[in-house]
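Numbering of residues begins at 1 and proceeds along the displayed sequence. Predicted model, so just to flag it, every value in this text is computed and none were measured. Only heavy atoms go into these numbers, but all of them, side chains included; no hydrogens, no water, no symmetry mates.
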Amino acid sequence: MFTPASPRLRWITALLLFAAAGLAIVLPFVSATLLTIALGSVAVVAGLSQLLRVLAGGELRSRLFRGLSALLYLAGGLWVLIDPIDSEVSLTLFAGLLLTFEGVMELAVAASGSGPARGAVLLDGIVTAVLGGLLIAEWPSDSIWAVGTLLGITLGMSALNLLTAPRASDSP
């Protein structure tokens, strides 16, 4: 994790992360819906960029595959933008799988490393894996509030990691 060398910038960044975490936890439905809409928007932009690549030319087979990719991005992105609430259900399952995998990887990092922030990485891995498992176990009933709440918890853990990680100037 990159940490700012300036203690002041480190604290400002951590406070902003804590503020974002608090808002996401207090307003989980709003933050989950905004996150879903942002992902749908990114998919639409990606689809449009793929279409531009198709129009740029190239061999027919490449253009065909890029065109299919563009249609998939566009259709998925538009589907999410048209119905973001139902899309949150799928996003919740994806987030559960992703968090579980990320948590296991953080545990592996903590087990293989020996740095001053190893305890924070271990705690992050445990919390992330447990939250991912809970999401999967309670899916789809937890879909409306879970993504926003987990986003808030993840932002809070990132702020804690930022404050406990050694600065770049502290490294050998």
Side-chain angles (χ1 to χ4, degrees), residues 1-49 73-74 76-107 109-110 115-168 170:
M1 166 190 256
F2 171 77
T3 56
S6 162
R8 183 173 187 217
L9 184 57
R10 180 185 279 212
W11 277 98
I12 290 170
T13 304
L15 289 174
L16 288 172
L17 282 169
F18 279 129
L23 283 172
I25 290 170
V26 171
L27 303 169
F29 178 73
V30 172
S31 60
T33 303
L34 290 174
L35 180 62
T36 303
I37 290 169
L39 289 172
S41 300
V42 167
V44 168
V45 169
L48 292 173
S49 70
Y73 271 113
L74 286 169
L78 289 173
W79 179 272
V80 168
L81 291 175
I82 289 169
D83 197 358
I85 306 304
D86 282 342
S87 298
E88 286 176 34
V89 175
S90 300
L91 182 61
T92 302
L93 180 60
F94 175 72
L97 295 169
L98 184 66
L99 288 172
T100 302
F101 181 78
E102 179 187 353
V104 170
M105 293 300 105
E106 289 292 324
L107 290 171
V109 167
R118 183 176 181 209
V121 174
L122 180 65
L123 178 63
D124 185 17
I126 292 169
V127 169
T128 303
V130 168
L131 289 174
L134 289 172
L135 265 183
I136 294 167
E138 296 297 321
W139 183 82
S141 64
D142 59 2
S143 297
I144 298 301
W145 62 268
V147 171
T149 302
L150 289 176
L151 176 65
I153 292 169
T154 301
L155 290 171
M157 291 300 295
S158 293
L160 283 175
N161 280 341
L162 178 65
L163 292 175
T164 59
R167 292 187 310 255
D170 296 341

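- Separating the CG atom in D83 from the CD atom in E88 is a distance of 9.5 Å, to the nearest 0.5 Å.
- Between E138 and T92 there is no side-chain heavy-atom pair separated by less than 4.5 Å.
- The two residues L162 and A14 have their closest heavy-atom pair at CD2-N, 3.6 Å.
- Here T149 contributes atom OG1 and L131 contributes atom CG; the two are 10.0 Å apart, rounded to the nearest 0.5 Å.
- Counting all heavy atoms, side chain and backbone alike, A120 lies closest to N161 at CB-OD1, 3.5 Å.
- Residues Y73 and V45 form no side-chain contact, since every pair of their non-hydrogen atoms from C-beta on lies 4.5 Å or further apart.
- Between S31 and L151, the closest heavy-atom pair is CB-CD2, 4.5 Å.
- Taking CD of E106 as the reference point, atom CG of L123 lies at 11.0 Å (rounded to 0.5 Å).
- Remark: the backbone N or O of G125 is not paired with any side-chain donor or acceptor of T128 at under 3.5 angstrom.
- Atom OG of S87 and atom CG of L81 lie 8.5 Å apart (nearest 0.5 Å).
- If you take CH2 on W139 and CZ on F94, they are separated by 14.0 Å, rounding to the nearest 0.5 Å.
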Tell me, with the steps shown, if L107 and L122 meet side-chain contact (heavy atoms from CB on, under 4.5 Å).
CA-CA 6 Å; L107 290 171; L122 180 65; 3.6 Å; yes

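- Nearest heavy atoms, P84 versus I37: CB-CG1, 4.0 Å.
- Closest non-hydrogen pair, A21 versus G156, comes out as CB-N, 3.5 Å.
- Considering CD1 of I136 and CG of L98, their distance stands at 10.0 Å, rounded to 0.5 Å.
- Across all non-hydrogen atoms, the minimal contact from I85 to F29 is CD1-CZ, 3.3 Å.
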